[in-house]
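These notes are about the structure you will find just below.
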Amino acid sequence: MSKTESAPALDFVRSIVEEDIRTGKYGGRVHTRFPPEPNGYLHIGHAKAFGLNFSIAEEYGGLCNLRFDDTNPAAEETEYVDAIMEDVRWLGFDWGDRLFHASDYFDQLHDYAIELIRMGKAYVCDLSAEEIREYRGTLTEPGRNSPDRDRTVEENLDLFARMRAGEFPDGARTLRAKIDMASPNINMRDPVIYRILHASHHRTGDKWCIYPMYDFTHGLSDSIEGVTHSNCSIEFEDHRPLYDWFLDELDVYHPRQIEFARLNLTRTVLSKRRLLRIVEGGHVNGWDDARMPTLAGMRRRGYTPAAIRTFLKRVGVAKTDSTIDIALLEHCVREDLNRTAPRVMAVLNPLRVVIENYPEDLVEEFEAVNNPEDPTAGSRRVPFSRVIYVEREDFREDPPKKFFRLAPGREVRLKHAYLVTCESVVRDEGTGEVVELRCSYDPESRGGKAPDGRRVRGTLHWVSAAHALEAEVRLIDYLLREAGPGDEGADFEDLLNPNSLEVLTSCRVEPGLADAPPGARFQFLRQGYFCVDSVDSKPGSLVFNRTVSQRDTWAKIEKSQGA
RNA sequence: UGGGGCGUCGUCUAGUGGCAAGACACGGGACUUUGGAUCCCGCAUCGGAGGUUCGAAUCCUCCCGCCCCAGCCA
């Protein structure tokens with residue numbers, strides 16, 4: 001632990017945890033929890049939250065529970081429960097045998113509610129939802145007491161029992177905490193703690209027709225589980241007095257709630273409401289669409305758990321409202337994939353090239369290194385023949401300055417193979433479009449080395465026409481056209497990028513990819529990182545997703561030339 | 001106009017009275033059989049104004065800006 005090892009600075013949450021360990025506040029224990037409501041898919045923003053909770057537990061020899069906050073049967077489904085567990089595990093976290101549900105505590109929570117009633121700290125209220133809102137007051141005016149606020153304990157007990165017994169319809173009555181209708185903190189103005197909901201719960205079925213509210217449930221669940229640090233997002237800061245109130249009034253074990261800022265990303269939608277709109281509006285093909293910021297989407301797109309965890313670490317944890325540049329996430333993905341992804345050649349927009357002086361029936365195989373960053377990755381053999389495909393954008397009839405690729409009379413290197421020179425072009429007679437290049441090769445340049453040491457700046461990827469496999473490649477762009485998350489409003493659809501997905505259908509990839517398994521990740525040389533789509537790719541009809549493009553210096557040069 | 005919170009490079013994040021640190025982005029250069037990777041160099045006086053102090057991003061005062069809260073959602 002020497003200072004010279006430059007231990008990374010602690011974020012404020014970890015500082016609090018360390019301080020509590022030092023002072024023995026919880027007997028030196030560290031126990032966190034991740035409490036998602038199973039009403040949707042987890043996205044990268046949730047990953048910040050559970051990454052923090054699980055990581056802190058790991059780092060301090062503590063435990064982290066997975067607890068489903070399932071107190072609203074109207075919104076929750078088992079499908080989401082399963083998806084959430086899969087996503088948390090995918091990122092490499094483990095809750096051991098501590099899988100819990102707020103609904104596990106419904107009996108105990110009910111007992112706590114009765115205790116509050118007995119103490120005169122809770123009452124049954126007959127006000128309608130609208131009346132409760134009216135009585136609550138506003139941000140600047142205090143609220144008024146409910147006419148039912150002074151019911152006797154006996155009457156409250158009786159009414160609450162009848163609520164539970166199903167005597168009243170939804171919305172007829174609520175159980176409220178008796179706190180302070182004049183509190184400047186609106187959350188303290190006699191919040192509802194139980195509501196009547198004749199709805200079947202995905203775990204408890206029809207056992208209950210009254211369900212506890214979040215504020216009442218959350219702290220008590222933390223307390224029951226022996227949580228020490230209850231980390232949540234910053235909009236709950238106003239709720240902390242209420243969190244503390246229940247624990248204090250009931251005089252039970254008292255965890256500490258700590259709030260941190262949520263994650264925002266440029267060009268990315270991270271609100272559940274909007275994500276739902278994108279899915280239901282048919283703007284994407286489901287929650288696991290590769291364009292989605294859900295973990296399921298990122299997984300399908302080819303992002304790695306390691307890259308996401310590195311990203312989360314670099315983003316840090318603070319209370320400042322911030323928006324992370326999506327470029328940081330992409331950097332982390334490239335950094336990981338550069339180390340681990342095997343290189344392969346694939347031509348996205350094929351342009352046919354005939355090497356006129358290359359023998360008609362000859363097929364050579366060239367040794368190609370799989371990953372120059374990783375000597376243990378080995379090599380493979382790639383077939384070469386007289387007719388090949390190169391990338392259409394690697395040829396220009398009128399090459400601009402600094403364009404080091406193919407052009408009439410220009411010589412380039414075909415990666416791993418030969419030096420070739422463009423001798424002439426073949427056009428479509430109707431459109432005039434260039435449909436084929438006629439080239440010559442230097443037989444002395446086998447392997448790509450110029451025999452006389454002449455300098456050849458451009459190196460192109462290619463595939464042998466007779467051997468290449470046809471494939472579909474999906475190019476993924478941001479869901480939002482603007483840099484920021486955009487304004488709230490009905491015109492949200494206008495903020496969507498209409499070109500977030502570009503599908504290329506006649507791509508050609510090297511033959512070795514024939515049996516690449518679903519999810520396999522590759523670097524398509526000079527282009528970026530791609531993975532085999534885990535849903536739509538089939539042997540014989542390969543589908544790849546572009547995970548992230550490679551940095552493209554030429555694009556920058558070209559742009560600055562144009563400007 | 002009530003309450004709570006937050007303001008440090010373009011974007012994040014450290015720093016908590018003694019030379020403003022790191023990452024991404026951006027710009028420049030080196031190297032290169034991926035215009036990839038890698039390597040070098042450059043890039044902020046800390047929301048504003050006063051004050052305290054030998055010394056302030058750090059302490060005090062006032063001001064300004066942004067975010068959250070009026071669900072029987074979480």
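Residue numbers start from 1 in every chain, and the chains themselves are labelled A, B, ... in the order their sequence lines are given, proteins ahead of strands. Given the structure is predicted, the values throughout are model-derived calculations rather than measurements.
- A close approach under 4.0 Å does occur between a side-chain nitrogen or oxygen of A:T71 and OP1 or OP2 of B:A74.
- Protein atom CD1 of A:I186 is 13 Å distant from nucleotide atom P of B:G2, rounded to whole Å.
- Relative to the six-membered ring of A:F100, A:R67 misses at least one condition, a distance below 6.0 Å or an angle of at most 45° to the axis.
- Pairing partner, B:C73: none, since no Watson-Crick or wobble contact has both distances short of 3.5 Å.
- Across the protein-nucleic acid pair, A:E141 atom CD and B:G3 atom P stand 14 Å apart, rounded to whole Å.
- Protein atom CG of A:N72 is 16 Å distant from nucleotide atom P of B:G71, rounded to whole Å.
- Along RNA chain B, the nucleotide closest to A:E130 and the one closest to A:V456 are compared, and the more 5′ of them pairs with A:V456.
- Rounded to whole Å, atom C1' of B:G27 lies 9 Å from atom NZ of A:K556.
- Within 4.0 Å of A:A75, counting heavy atoms only, lies no atom of the nucleic acid at all.
- Here the options are A:I308, A:L270, A:L263, the test is side-chain contact (heavy atoms from CB on, under 4.5 Å), and the partner is A:K48; only A:L263 passes.
- Positionally, the nearest nucleotide of RNA chain B for A:T459 lies more toward the 5' end than for the other of A:T459 and A:V192.
- A:Q523 contributes a side-chain N or O that forms a donor-acceptor pair with the base of B:U34 under 3.5 Å.
- A:H218 comes within 4.0 angstrom of no nucleic acid atom, judged by non-hydrogen atoms across all strands.
- In this structure, the CG atom of A:D336 is 20 Å from the P atom of B:G36, given to the nearest Å.
- The residue A:K402 sits close to a base: some heavy atom pair falls under 4.0 Å.
- Put simply, CG on A:N185 is 15 Å from P on B:G2, counting in whole angstrom units.
- Residue-environment remark: CD (A:E131) exceeds the threshold of 12 foreign heavy atoms within 6.0 Å.
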* Asked: Under the side chain to side chain donor-acceptor pair (under 3.5 Å) criterion, do A:N145 and A:Y135 qualify, and how do the steps go?
  -> CA-CA 7 Å; A:N145 285 170; A:Y135 275 73; over 6 Å; no

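- Residue-level contact check: A:E237 touches the backbone only, with heavy atoms under 4.0 Å from sugar-phosphate atoms and none from bases.
- Relative ring orientation between A:F50 and A:F34 is described as tilted, the plane-to-plane angle lying within the 30° to 60° band.
- At the heavy-atom level, A:I132 lies under 4.0 Å from base atoms of the strands shown.
- The aromatic ring of A:W554 sits over the base of B:G35, with ring centres less than 5.5 Å apart and planes tilted by under 30°.
- A sub-4.0 Å separation between OP1 or OP2 of B:A37 and a side-chain N or O of A:R551 is present.
- Across all strands shown, B:G7 forms a Watson-Crick or G-U wobble pair with B:C64, both key distances being under 3.5 Å.
- In this model, a side-chain donor or acceptor of A:D238 finds a partner on the base of B:G3 within 3.5 Å.
- Counting any heavy atom pair closer than 4.0 Å across all strands shown, A:Y194 reaches no nucleic acid atom.
- For B:G50, the base is anti relative to its sugar; the glycosidic angle deviates from 0 by more than 90°.
- For the pair A:R176 and A:Y123, the NZ or CZ position fails the cation-pi test of under 6.0 Å to the six-membered ring centre and within 45 degrees of the ring normal.
- Searching all strands for a Watson-Crick or G-U wobble partner of B:A57 with both distances below 3.5 Å returns nothing.
- Heavy atoms of A:I557 sit under 4.0 angstrom from at least one base atom.
- The residue A:P35 sits apart from the nucleic acid: no heavy atom pair falls under 4.0 Å.
- For B:G36, its base sits under 3.5 Å from the side chain of A:E373 at one donor and acceptor pair at least.
- If you check every strand for non-hydrogen atoms under 4.0 Å, A:L419 touches nothing.
- Base pairing analysis places B:C12 opposite B:G22; the two distances defining the Watson-Crick or G-U wobble pair are each below 3.5 Å.
- Counting non-hydrogen atoms under 4.0 angstrom, A:H461 reaches nothing in the nucleic acid.
- One can place CG of A:L263 at 10 Å from P of B:U13, the figure rounded to the nearest angstrom.
- For A:R195, a side-chain nitrogen or oxygen approaches OP1 or OP2 of B:A74 to under 4.0 Å.
- Backbone-only engagement by A:R136 is indicated by non-hydrogen atom pairs under 4.0 Å involving sugar-phosphate atoms exclusively.
- A:T376 and A:D374 share a side-chain donor-acceptor pair at under 3.5 Å.
- Among the atoms of the strands shown, base atoms are found under 4.0 Å from some heavy atom of A:R343.
- Close to B:G35, at under 4.0 Å from its OP1 or OP2, lies a side-chain N or O of A:R526.
- Using a 4.0 Å cut-off, no side-chain N or O of A:T320 falls inside it from OP1 or OP2 of B:C67.
- Using a 4.0 Å heavy-atom distance criterion, A:R405 is classed as a base contact.
- Under the 4.0 Å criterion applied to side-chain N and carboxylate O atoms, A:E225 and A:R33 are not assigned as salt-bridge partners.
- Contacts of A:R457 with the nucleic acid, taken as non-hydrogen atoms under 4.0 Å apart, include base atoms.
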